[in-house]
Amino acid sequence: MAKKKYKSYLIVDGYNIINDWEELKTLSIEDLDAARERLIHYIIEYSQYHGKKAIIVFDAYNVKGGTEKRENRKYITIVYTKEHQTADSYIEKYISSLSKYDKIQVATSDYAEQQIILGKGATRISARELKLYLDETLMKIKEKQRDSEIKIQRNFLEDRLDDITLSKLENIRRKH
């Protein structure tokens, strides 16, 4: 019997995180779309690096006539809930639809939501913890990029040849 591969999920209560991170909260006062996009960018980086499927849920609880919208982007799904549906209720329902063997983490600082999440078998990450994990991930990504740049820089022929050979090659180049 083939062993089933279980998935790892990160589910983010979008507005809860935006309102908890000072950088995003400040940005959201002037431009809510920009704050959402920045959060989405951060979660894409995190999700890609850790190999987790991420779902960011933004509620449209007070949006008149709002219908549920889903947007798939690289490594993540963004959900805008329908009118009268909170992100919390969407997340609870979504968690219930997943396998009990999947690894599910929910990022929210809403205490009541955290208790429900734990009761459904998922783990919770506070907004502060998510920020720490994200900062650590971004630092690792930068280190990895810097290391690959260093390796590329060291891959020049002139770095591996002695001065006499380099001089002879330069003379040949000039004659042509």
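Atom CD1 of Ile164 is surrounded by 12 or fewer heavy atoms from other residues, nucleotides or ligands within 6.0 Å.
The cluster map of Ile, Leu, Val, Met, Phe, Trp and Tyr, joined by side-chain heavy atoms under 4.5 Å apart, puts Val12 and Tyr94 in different clusters. In the hydrophobic clustering of ILVMFWY residues, with side-chain heavy atoms under 4.5 Å counting as a link, Leu130 and Ile56 come out together. Using a 4.5 Å cut-off between side-chain heavy atoms of Ile, Leu, Val, Met, Phe, Trp and Tyr, with links allowed through other members, Leu132 and Leu10 fall into different hydrophobic clusters. Tyr9 and Val79 fall within a single hydrophobic cluster, where Ile, Leu, Val, Met, Phe, Trp and Tyr side chains are chained together by heavy-atom contacts under 4.5 Å. Residues Ile125 and Val57 fall into different hydrophobic clusters, defined by Ile, Leu, Val, Met, Phe, Trp and Tyr side chains chained together at heavy-atom separations under 4.5 Å.
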Worked verdict on Lys53 versus Thr77 for side chain to side chain donor-acceptor pair (under 3.5 Å) | CA-CA 8 Å; Lys53 174 153 178 56; Thr77 300; 3.0 Å; yes
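For the atom pair CD1 of Ile78 and CZ of Arg36, the computed distance is 10.0 Å after rounding to the nearest 0.5 Å. Rounding to the nearest 0.5 Å places CG of Leu39 at 10.5 Å from OH of Tyr15. The CD1 atom of Ile43 sits 6.0 Å away from the CG atom of Leu134 when rounded to the nearest 0.5 Å. Atom-to-atom distance recorded for Leu32:CG and Leu27:CG is 8.5 Å, nearest 0.5 angstrom. Remark: Tyr42 OH to Thr137 OG1 distance equals 13.0 Å, nearest 0.5 Å.
When atom types are taken as modelled, the side chain of Thr26 and the backbone of Glu22 share a donor-acceptor pair closer than 3.5 angstrom. With hydrogens and angles disregarded, no donor-acceptor distance shorter than 3.5 Å links the side chain of Asp59 to the backbone of Thr81. A side-chain donor-acceptor contact under 3.5 Å links Ser28 to the backbone of Lys25. Asp20 places no side-chain N or O within 3.5 Å of a backbone atom of Asn16 that could act as its donor or acceptor partner. Distance alone, capped at 3.5 Å, is enough to place a donor-acceptor pair between the Ser47 side chain and the Tyr75 backbone.
Minimum interatomic distance between Ala87 and Asp13 (heavy atoms only, all atoms of both residues): CB-OD1, 3.6 Å. The minimum heavy-atom distance linking Lys74 with Ile44 is given by the pair O-CG1, 3.7 Å. The nearest pair of heavy atoms linking Glu129 to Arg124 is OE1-NH1, 3.0 Å. Taking both residues in full, the closest heavy atoms of Ala35 and Leu24 are given as CB-O, 3.7 Å, listed atom of the first, atom of the second, then distance. Contact record, Ala122 with Val106: CB-CG2, 4.3 Å, taken as the closest heavy-atom pair.
A salt bridge does not link Lys140 with Glu143: every distance from a Lys NZ or Arg NE/NH1/NH2 to an Asp or Glu carboxylate oxygen is 4.0 Å or more.
A cation-pi contact, defined as under 6.0 Å to the ring centre and within 45° of the axis, is absent between Lys69 and Phe58.
By the ring pair (Phe, Tyr, Trp, His ring centres under 6.0 Å) test, His50 is found to be paired with Tyr46, residues two or more places apart in sequence or in another chain being considered. Residues passing the side chain to side chain contact (heavy atoms under 4.5 Å, CB included) test with Thr165, sequence neighbours excluded: Leu161, Asp162, Leu169. Applying the ring pair (Phe, Tyr, Trp, His ring centres under 6.0 Å) test to Tyr90 and every residue at least two apart in sequence or in another chain returns nothing. Judged as a side chain to side chain donor-acceptor pair (under 3.5 Å), and not counting sequence neighbours, the contacts of Arg73 are Glu37, Glu71. Tyr133 meets the ring pair (Phe, Tyr, Trp, His ring centres under 6.0 Å) test with no other residue; sequence neighbours excluded. Residues satisfying the side chain to side chain donor-acceptor pair (under 3.5 Å) criterion with Ser96, sequence neighbours excluded, are Lys120.
Side-chain contact check for Lys131 versus Glu23: some heavy-atom pair is nearer than 4.5 Å. Between Trp21 and Arg38 the shortest side-chain heavy-atom distance does not fall below 4.5 Å.
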